[in-house]
Amino acid sequence: MSTSSMPDTVATPTPDAAPNPVPGLGLTPSQTVGPYLSIGLTWADGVYAADLGTAGGFWLRGTVFDGESLPVPDGMVESWQADPHGGFDSAEDPRGGRPFPGFRGYARSSTDVEGRFEIFTLKPAALPDGAGGLQAPHVDLSVFARGMIDRVITRVYFGDEVSANASDPVLQLLPAASRQTLIAPRTEDGYRFDIHLQGEHETVFFAL
């Protein structure tokens, strides 16, 4: 329902009173999302998908931007990925769960007041694409932010995996300009991956 079609009797929400135009009914998800993200869903070692100091470890850092290219504070970024051998320490891996020393495969970072996040991890190996080929090494990211009813999901590919990226079946489905939104360039201590939720530079997100 657009704002212009709202009944005249609906009270204007105030900072002290959440909008709930129908007495007796609970708030909808769109009325309750955030700012819970950095309060109850992070923990001290959450940014470490791998133990700090693990050989091959690096930082994946970036900033989450909104549609006006402003940083998004109080957001959250979760990662999920294979280990350097291409395995997952999960019962859902049909090849069998295989723990990798010092690696958890999962991390969670809140965004700070400047929208920045960081995750310490290891580069994953290529994965089977289900059709006899390989997917280029990549990290899956879920992005949660205030005002979003549900998370959005994207992938991080590595800028120094030129050959693997050139044959990745997912990247090849995308126009060149959109493909570049998923490529993380090298930095001094890892890779940088900025996330644009909307706008001219909008990151590619996937429906899963």
Side-chain angles (χ1 to χ4, degrees), residues 37-38 41-66 69-90 99-127 134-145 148 151-166 168 170-171 174 178-198 201-206 208:
L37 300 170
S38 63
L41 297 179
T42 55
W43 63 95
D45 62 351
V47 303
Y48 298 102
D51 292 342
L52 195 62
T54 302
F58 61 86
W59 285 100
L60 175 63
R61 293 189 169 102
T63 300
V64 179
F65 295 99
D66 65 14
S69 294
L70 297 175
V72 176
D74 198 30
M76 188 174 71
V77 177
E78 287 184 342
S79 68
W80 176 246
Q81 63 170 96
D83 64 33
H85 293 165
F88 293 91
D89 185 16
S90 170
F100 188 93
F103 183 67
R104 287 180 283 280
Y106 168 82
R108 177 183 290 167
S109 173
S110 58
T111 60
D112 64 13
V113 294
E114 297 184 7
R116 297 174 299 192
F117 70 93
E118 61 179 6
I119 290 169
F120 187 80
T121 189
L122 305 176
K123 183 182 283 188
L127 291 173
L134 291 173
Q135 301 180 68
H138 65 272
V139 175
D140 294 326
L141 293 183
S142 293
V143 185
F144 303 75
M148 292 167 54
R151 63 176 177 166
V152 290
I153 301 171
T154 187
R155 280 185 169 191
V156 182
Y157 288 89
F158 301 95
D160 53 1
E161 295 285 348
V162 177
S163 177
N165 291 342
D168 182 85
V170 174
L171 286 176
L174 302 172
S178 298
R179 193 181 308 155
Q180 289 304 310
T181 70
L182 304 183
I183 306 295
R186 285 283 308 187
T187 63
E188 182 178 346
D189 61 353
Y191 297 86
R192 180 171 185 86
F193 187 74
D194 290 333
I195 299 168
H196 294 262
L197 297 174
Q198 291 178 308
H201 305 293
E202 182 176 327
T203 301
V204 171
F205 299 107
F206 299 92
L208 297 178

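Remember, predicted model here, so these are calculated numbers, not experimental data. Any value given below was found using the heavy atoms of this structure, including those in side chains, with hydrogens, waters and symmetry copies removed.
Closest approach of E78 and Y106 over heavy atoms only: OE2-OH, 3.1 Å. Here the closest heavy-atom approach between residue P137 and residue A126 is recorded as CG-N, 4.0 Å. Nearest heavy-atom pair, G159 versus I183, reported as atom, atom and distance to 0.1 Å: CA-CG2, 3.6 Å.
In this structure a side-chain-to-backbone donor-acceptor pair under 3.5 Å is missing from D83 to G105. A distance-only check finds a donor-acceptor pair linking the side chain of T154 to the backbone of V204 [under 3.5 Å]. Checked by atom type and distance alone, the side chain of T111 pairs as donor or acceptor with a backbone atom of G75 at under 3.5 Å. A donor-acceptor distance shorter than 3.5 angstrom exists from the side chain of S79 to the backbone of A107, with no hydrogens or angles considered.
Separation of atoms CG (L174) and CD (Q180) is listed at 10.5 Å; rounding is to 0.5 Å. Taking CD1 from I153 and CZ from F206, the interatomic distance works out to 10.0 Å, rounded to the nearest 0.5 Å. Atom CG of L141 is separated from atom CG of L182 by 10.0 Å, given to the nearest 0.5 angstrom. Residue D194 holds its CG atom at 5.0 Å from OG1 of T63, rounded to the nearest 0.5 Å. Here S163 contributes atom OG and D168 contributes atom CG; the two are 11.5 Å apart, rounded to the nearest 0.5 Å. To the nearest 0.5 Å, atom CG of residue L171 and atom OH of residue Y157 are 4.5 Å apart.
With contacts defined as side-chain heavy-atom distances shorter than 4.5 Å, the pair M148/L197 qualifies. Within the 4.5 Å cutoff, the side chain of V72 has no heavy atoms near those of the F65 side chain. The side-chain heavy atoms of F144 and V77, taken from C-beta on, include no pair separated by under 4.5 Å.
Evaluation of the side-chain contact (heavy atoms from CB on, under 4.5 Å) rule for L127 yields A82, F88, R95, Q135, H138 as partners, not counting sequence neighbours.
A ring-ring contact (aromatic ring centres under 6.0 Å, His included) with Y48 is found for one member of F103, F58, W59 and no other, namely W59.
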Side-chain donor-acceptor distances from residues 114-124 under 3.5 Å, at least two apart:
from: E114; atom 1: OE1; to: R116; atom 2: NH1; distance (Å): 3.4
from: R116; atom 1: NE; to: D112; atom 2: OD2; distance (Å): 2.8
from: R116; atom 1: NH2; to: D112; atom 2: OD2; distance (Å): 3.0
from: E118; atom 1: OE1; to: R61; atom 2: NE; distance (Å): 2.9
from: E118; atom 1: OE1; to: R61; atom 2: NH2; distance (Å): 3.4
from: T121; atom 1: OG1; to: Q81; atom 2: OE1; distance (Å): 2.5
from: K123; atom 1: NZ; to: D160; atom 2: OD1; distance (Å): 3.1
from: K123; atom 1: NZ; to: E161; atom 2: OE2; distance (Å): 3.1
from: K123; atom 1: NZ; to: Y191; atom 2: OH; distance (Å): 3.0

| task | Mind running side-chain contact (heavy atoms from CB on, under 4.5 Å) on H196 and D66 for me, showing each step along the way? | result | CA-CA 6 Å; H196 294 262; D66 65 14; over 6 Å; no
| said: If you apply the rule side-chain contact (heavy atoms from CB on, under 4.5 Å), what do you find for F193 with T181, and how did you get there? | reply: CA-CA 8 Å; F193 187 74; T181 70; over 6 Å; no
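There is no side-chain donor-acceptor pair under 3.5 Å between R192 and T187.
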